[in-house]
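For the numbers below, each heavy atom of this structure counts, side chains included, while hydrogens, waters and symmetry mates do not.
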Amino acid sequence: MAMKSWCNIVQLCNKFRPHLLMLLAQVGYTFLYIITEASFNHGMNPHVYVTYRHVVASVVIIPFAYFLERKKRPKLTLALFVEIFILSLLGVSLTLNMYFASLKYTSSTFVASVLNTVAAVTFVIAIALRLESLNLRNPRGIAKLLGTLVSLAGATTMTLYKGPIMKHFAHAPIHIQTNSATDHENWLKGSILAVASCITWSVWYIMQAVTLKRYPAQLSLTAWMSLVGAAQSAFFTVIVVHRKAAWTVGFNVDLLAIVYGGVVMSGAVVFIQLWCTEVKGPVFITVFNPVSTILVALIAYFILGEKLYLGSIIGAFVVIFGLYLLLWGKEGDQPYNSKSNDQSNSTYDGQNDASIEIRVAPAHP
């Protein structure tokens, strides 16, 4: 009886393995927002952080990519390197520098909420490039359009409407030094940076689909983007950061943020997302984005005592509603052609666009 129960538990875990792994990844994102915000408030420069983080990520990922993909990695040509350079600019250096700079000017709750608009913006770009089909005579086609518009409306609300501060009902058990840049001008600057980073991220998702067809070694591609992105970010940081002291990192929360971002997020979480993308499809990944939004808001408000604005709450709910409306509409698209998993001998169903296959090789926050 006990053996049968144990077998049932194992089978259940295997069936929902992608779901459990993605929930674990979202927990990783949650701690990323909290740790990096604490590091920035401690004095860490966001541009220096992005550079150091991807140096660490390169050191961690390159050995795995070299040995695990020796037989499947295609020859790197000049044209491919140019594509990787542009991908690194869009997915790492440009996007993440804007993204984490926005975290310095706003809050972890706001930034985590805006990230949910990436799926909607990607859909808009795909429609503009005729890579996504949109049938307005079909209810699901209408749902995709409405979901996109609702998500973008939510992001606009969070950007333009800050609103009153929500009252705390109890004293926060943990206190993180808050950023003094809370005026409207800096909040608007941070909001624009966050939205801009989501747009470049969306372009990156579209472009990497083309590159992966010619360079299908996903782990090697991720390693290349981390290495090239680190070099690009270092070049940019040297220009804009003139204080040599900004490059100095002590044994404190700054070092923790760099190591955590490089090893856990650009290492372990990358593996999780790549595997889940293979067996469930890229749209499956976006379904879990609101989980970190909710966790960040709860931790920041109830445990860390972070200021929570009414505009962020309203906008987050609108974005999440629009996201799931969009995903429901995409359920009518052609199923994602996933490969069979050799370990479980199971085939997972996923969702993908009928016109384009977007695989995720994350250089995520």
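L295 and L20 end up in different hydrophobic clusters when Ile, Leu, Val, Met, Phe, Trp and Tyr side chains are linked at under 4.5 Å. Placement of V55 and Y99 in two distinct hydrophobic clusters is found when ILVMFWY residues are connected by side-chain heavy-atom separations under 4.5 Å, directly or transitively. Hydrophobic clustering, with ILVMFWY side chains joined whenever heavy atoms are under 4.5 angstrom apart, keeps L227 apart from V59.
Listed by chain and residue number, nothing satisfies the salt bridge (charged side-chain N to carboxylate O under 4.0 Å, His left out) test with E69 (two or more places apart in sequence, or in another chain). By the side chain to side chain contact (heavy atoms under 4.5 Å, CB included) test, L310 is found to be paired with Y161, P164, M166, I314, residues two or more places apart in sequence or in another chain being considered. Evaluation of the side-chain hydrogen bond (donor to acceptor under 3.5 Å, both in side chains) rule for S39 yields D254 as partners, not counting sequence neighbours. Considering only residues two or more places apart in sequence or on other chains, L21 meets the side chain to side chain contact (heavy atoms under 4.5 Å, CB included) condition with R17, I272, W275, C276. For I299, the side chain to side chain contact (heavy atoms under 4.5 Å, CB included) test picks out T30, I34, I303, L304, with sequence neighbours left out. Residues satisfying the salt bridge (charged side-chain N to carboxylate O under 4.0 Å, His left out) criterion with R214, sequence neighbours excluded, are E83. By the ring pair (Phe, Tyr, Trp, His ring centres under 6.0 Å) test, F236 is found to be paired with H47, residues two or more places apart in sequence or in another chain being considered. Residues passing the side chain to side chain contact (heavy atoms under 4.5 Å, CB included) test with Y260 are F31, L32, I35, V264, M265, sequence neighbours excluded.
Checked by atom type and distance alone, the side chain of H54 pairs as donor or acceptor with a backbone atom of V50 at under 3.5 Å. A donor-acceptor contact shorter than 3.5 Å is absent between the side chain of S93 and the backbone of S233. With R73 contributing its side chain and A65 its backbone, the two residues share a donor-acceptor pair below 3.5 Å. Between the R140 side chain and the W328 main chain, a donor and an acceptor come within less than 3.5 Å of each other.
Listed by first and then second residue, the side-chain hydrogen bond (donor to acceptor under 3.5 Å, both in side chains) pairs involving residues 236-249 are T51-T237 (not counting sequence neighbours).
Of all heavy-atom pairs between K189 and Y105, the closest is CD-CE1, 3.7 Å. Considering every non-hydrogen atom in both L193 and A101, the closest pair reads CD1-CB, 4.0 Å. The nearest pair of heavy atoms linking G311 to T157 is O-CG2, 4.2 Å. Closest approach of V56 and G262 over heavy atoms only: CG1-CA, 4.0 Å. When all heavy atoms are compared, the tightest approach of G190 to S102 is O-CB, 3.0 Å. The two residues T200 and M98 come nearest to each other via the heavy atoms OG1-CE, 3.7 Å.
Expressed to the nearest 0.5 Å, how far CG of L188 lies from OG1 of T106 amounts to 11.0 Å. Distance check: T211 OG1 to L87 CG gives 4.0 Å after rounding to the nearest 0.5 Å. Between atom OG1 of residue T222 and atom CD1 of residue I62 there is a gap of 11.5 Å, rounded to the nearest 0.5 Å. How far CG of L80 is from CH2 of W224: 10.5 Å, rounded to the nearest 0.5 Å. Once rounded to the nearest 0.5 Å, the distance linking OH of Y33 with CG of L103 reads 8.5 Å. Atoms CE and OG, from M225 and S220 in turn, are 11.0 Å apart once rounded to the nearest 0.5 Å.
Y49 and F100 have perpendicular rings, their planes meeting at more than 60° on a 0 to 90° scale where under 30° would count as parallel.
Looking only at side-chain heavy atoms (C-beta outward), L90 and I86 come within less than 4.5 Å of each other. Contact check for V228 versus F81: side-chain heavy atoms found under the 4.5 Å cut-off. Contact of the M44 side chain with the T36 side chain is not registered, since no non-hydrogen atoms from C-beta on lie closer than 4.5 Å. Side-chain contact between Q232 and F85: present, with at least one pair of heavy atoms (C-beta onward) separated by less than 4.5 Å. Here the side chains of F321 and S151 are not in contact, with every heavy-atom distance at 4.5 Å or above. Here the side chains of V121 and T148 are not in contact, with every heavy-atom distance at 4.5 Å or above. In this structure, Y324 and I320 have side chains that are in contact, with non-hydrogen atoms separated by less than 4.5 Å.
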Could you check W204 against L89 for side chain to side chain contact (heavy atoms under 4.5 Å, CB included), going step by step and ending with a plain yes or no?
-> CA-CA 9 Å; W204 175 68; L89 184 67; over 6 Å; no
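Remark: the T95 side chain and the S197 side chain contain no N/O donor-acceptor pair separated by less than 3.5 Å.
The hydrophobic cluster containing Y66, built from Ile/Leu/Val/Met/Phe/Trp/Tyr side-chain heavy atoms closer than 4.5 Å, also comprises F67.
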